[in-house]
Amino acid sequence: MSNTPSPEKSARHVAIVMDGNGRWATARGLERLKGHARGVDRVREIVGVAPDHDIKYLTIFAFSTENWKRSAREVTGLMSLFRRYIRKEAETMMRDNVRVRFVGDRSKLGKKLRELMIDLEKQTLNNSNLNLTVALNYGGRDEITRAVRRMGNAIKAGGLNPEDITEDTITSYLDTADIPDPDLVIRTSGENRTSNFLPWQAAYAEYVFTPTAWPDFTEPELAKTLESYRDRDRRFGASLSK
Ligand code: FPP
């Protein structure tokens, strides 16, 4: 068996829990928002190089349904970072042929941010080099709850028969309906938890937990992580063929 990984063995969909911005900043005597700003630099870098690593889908956890519990200053700062990122990146997304989608409960986000999100989704709708999904006010249980609510309404309206509900039906009601399941979930900064990120979609995903904080997760770190994913995949193949 060749040791060169075939493109099929590379992770087509990579999902990332971008953890450790706060600790990265605090360790340097900086305020937490400086860590998030550095985190945005890494988002730019990883989005830019993802296609070079055969990644077709990249999903990033930007803000969880639990993150509202942070200080008002941090929440306001993050929301302002998201607005600025969307405004500034639209041009790059068009140049690099990146389609952007957002998942999560938008109803609790500010009006301006929601408008920017819709505009960027519309503008990049026909791009195809990379599918970037940003999870914003996202929680896996919340996503499933909202899906079940909509399914309940569809049943009530006569458009859905409970007997016909399959796993595919449930998948089709999630925010990620038209996005394939992740092959690999990466969590940075040393926490070994999944934290309500894509619980339905990542049921068969590989997980890599790296001690590197998100602001330090540069392209070489991504390359190393993808290599460890391919190694696992190779072992899996070997044990099957015994
Ligand atoms: C986790 O670090 C990070 C977040 C809650 C925010 C993630 C946001 C970014 C990387 C900003 C850019 C995102 C986009 C889409 C432009 P933490 O604050 O939980 O770190 P800690 O665990 O060290 O406190």
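Just so you know, ligand 1 is whichever comes first in the structure, and atom 1 is the first atom listed for that ligand. Atom set for the values below is all heavy atoms of this structure, side chains included, hydrogens, waters and symmetry mates excluded.
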**Student:** For atom 1 (C) of ligand 1, what's the nearest protein heavy-atom neighbour? Residue, atom name and distance, please.
**Tutor:**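 Its nearest protein heavy-atom neighbour is Met18 O, 3.1 Å.
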**Student:** Assess whether atom CZ of Arg73 is packed by more than 12 heavy atoms of other residues, nucleotides or ligands within 6.0 Å.
**Tutor:**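 Atom CZ in Arg73 is not packed in, count stays at 12 or less.
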**Student:** Identify the protein heavy atom lying closest to atom 24 (O) of ligand 1, giving its residue, its atom name and the separation to 0.1 Å.
**Tutor:**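 For atom 24 (O) of ligand 1, the nearest protein heavy atom is Arg32 NH2, 2.9 Å.
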**Student:** Given Ser189, Ala62, Ala213, Ser64, which one has a non-hydrogen atom that is nearest to atom 7 (C) of ligand 1?
**Tutor:**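 Shortest heavy-atom distance from atom 7 (C) of ligand 1: Ala62.
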**Student:** Which bit of Phe82 is near ligand 1, meaning a heavy atom under 4.0 Å away: side chain, backbone, both or neither?
**Tutor:**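 It is the side chain that touches ligand 1; the backbone stays farther off.
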**Student:** Does anything in residues 114-134 form a salt bridge (Lys or Arg N to Asp or Glu O under 4.0 Å)? List the pairs, not counting sequence neighbours.
**Tutor:**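 Counting only pairs at least two positions apart or across chains, the salt bridge (Lys or Arg N to Asp or Glu O under 4.0 Å) contacts touching residues 114-134 are Arg106-Glu121, Lys111-Glu115, Lys112-Glu115.
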**Student:** Report the part of Leu136 (side chain from C-beta onward, or backbone N, CA, C, O) that has a heavy atom under 4.0 Å from ligand 1; answer both or neither where that applies.
**Tutor:**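 Contact part for Leu136 vs ligand 1: neither.
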**Student:** Between Asp216 and Arg38, does at least one N-O distance fall below 4.0 Å, as a salt bridge requires?
**Tutor:**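 Arg38 and Asp216: not salt-bridged.
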**Student:** Going by ring-ring contact (aromatic ring centres under 6.0 Å, His included), name the pairs with one or both residues in residues 52-78, residues two or more places apart or in two chains.
**Tutor:**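 Qualifying pairs, neighbours excluded: His13-Tyr57, Phe61-Tyr138, Phe61-Phe197, Phe63-Trp68.
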**Student:** Could an N or O of ligand 1 be found under 3.5 Å from any N or O of Phe61, whether backbone or side chain?
**Tutor:**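 Checking ligand 1 against Phe61, no N or O pair falls under 3.5 Å apart.
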**Student:** Identify the protein heavy atom lying closest to atom 9 (C) of ligand 1, giving its residue, its atom name and the separation to 0.1 Å.
**Tutor:**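 That would be Asn21 ND2, 3.7 Å.
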**Student:** To which protein heavy atom is atom 12 (C) of ligand 1 closest, and what is the distance rounded to 0.1 Å?
**Tutor:**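 Looking at atom 12 (C) of ligand 1, the protein heavy atom closest to it is Val40 CG2, 3.4 Å.
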**Student:** Please work out which of Arg70, Arg42, Arg38, Arg44 has its closest non-hydrogen atom nearest to atom 17 (P) of ligand 1.
**Tutor:**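 Among Arg70, Arg42, Arg38, Arg44, the closest heavy atom to atom 17 (P) of ligand 1 comes from Arg70.
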**Student:** Tell me which protein heavy atom sits closest to atom 5 (C) of ligand 1, plus the residue, atom name and distance to 0.1 Å.
**Tutor:**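 For atom 5 (C) of ligand 1, the nearest protein heavy atom comes out as Asn67 OD1, 3.6 Å.
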**Student:** Measure the CG-OG1 distance between Leu198 and Thr176 for me, rounded to the nearest 0.5 Å.
**Tutor:**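 Here the interatomic distance stands at 7.0 Å.
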**Student:** Can you tell if the side chain of Asp164 reaches within under 4.5 Å of the side chain of Thr166, non-hydrogen atoms only?
**Tutor:**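 No, side chains not in contact.
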**Student:** When you measure from atom 21 (P) of ligand 1 to every protein heavy atom, which one gives the shortest distance, and what is it?
**Tutor:**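 Checked against all protein heavy atoms, atom 21 (P) of ligand 1 sits closest to Arg23 NE, 3.5 Å.
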**Student:** Less than 4.0 angstrom from a charged side-chain N to a carboxylate O is my criterion; do Glu143 and Arg146 meet it?
**Tutor:**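 No.
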**Student:** Is any NZ, NE, NH1 or NH2 atom of the basic residue among Lys224 and Glu221 found under 4.0 Å from an Asp or Glu carboxylate oxygen of the other?
**Tutor:**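 Yes.
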**Student:** Looking only at distance, does Gly22 have an N or O less than 3.5 Å from an N or O of ligand 1?
**Tutor:**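 Min N/O separation from ligand 1 is below 3.5 Å for Gly22.
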**Student:** For ligand 1, find out whether one of its N or O atoms is nearer than 3.5 Å to an N or O atom of Asp19.
**Tutor:**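 Such a contact does occur with ligand 1.
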**Student:** Name the closest protein heavy atom to atom 16 (C) of ligand 1, giving the residue it belongs to and the distance to 0.1 Å.
**Tutor:**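 Residue, atom and distance for the closest contact: Tyr85 CG, 3.3 Å.
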**Student:** Considering only non-hydrogen protein atoms, determine which one is nearest to atom 4 (C) of ligand 1 and report residue, atom name and distance to 0.1 Å.
**Tutor:**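 Going atom by atom, the protein heavy atom closest to atom 4 (C) of ligand 1 ends up being His36 CE1, 3.9 Å.
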**Student:** Which residue is it: Ile118, Leu116, Leu136? I am looking for the one with a side-chain contact (heavy atoms from CB on, under 4.5 Å) to Phe102.
**Tutor:**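 In the set Ile118, Leu116, Leu136, the residue that makes a side-chain contact (heavy atoms from CB on, under 4.5 Å) with Phe102 is Leu136.
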**Student:** Is Asp183 salt-bridged to Arg12, going by a charged N under 4.0 Å from an acidic O?
**Tutor:**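 Salt bridge flag = no for Arg12 with Asp183.
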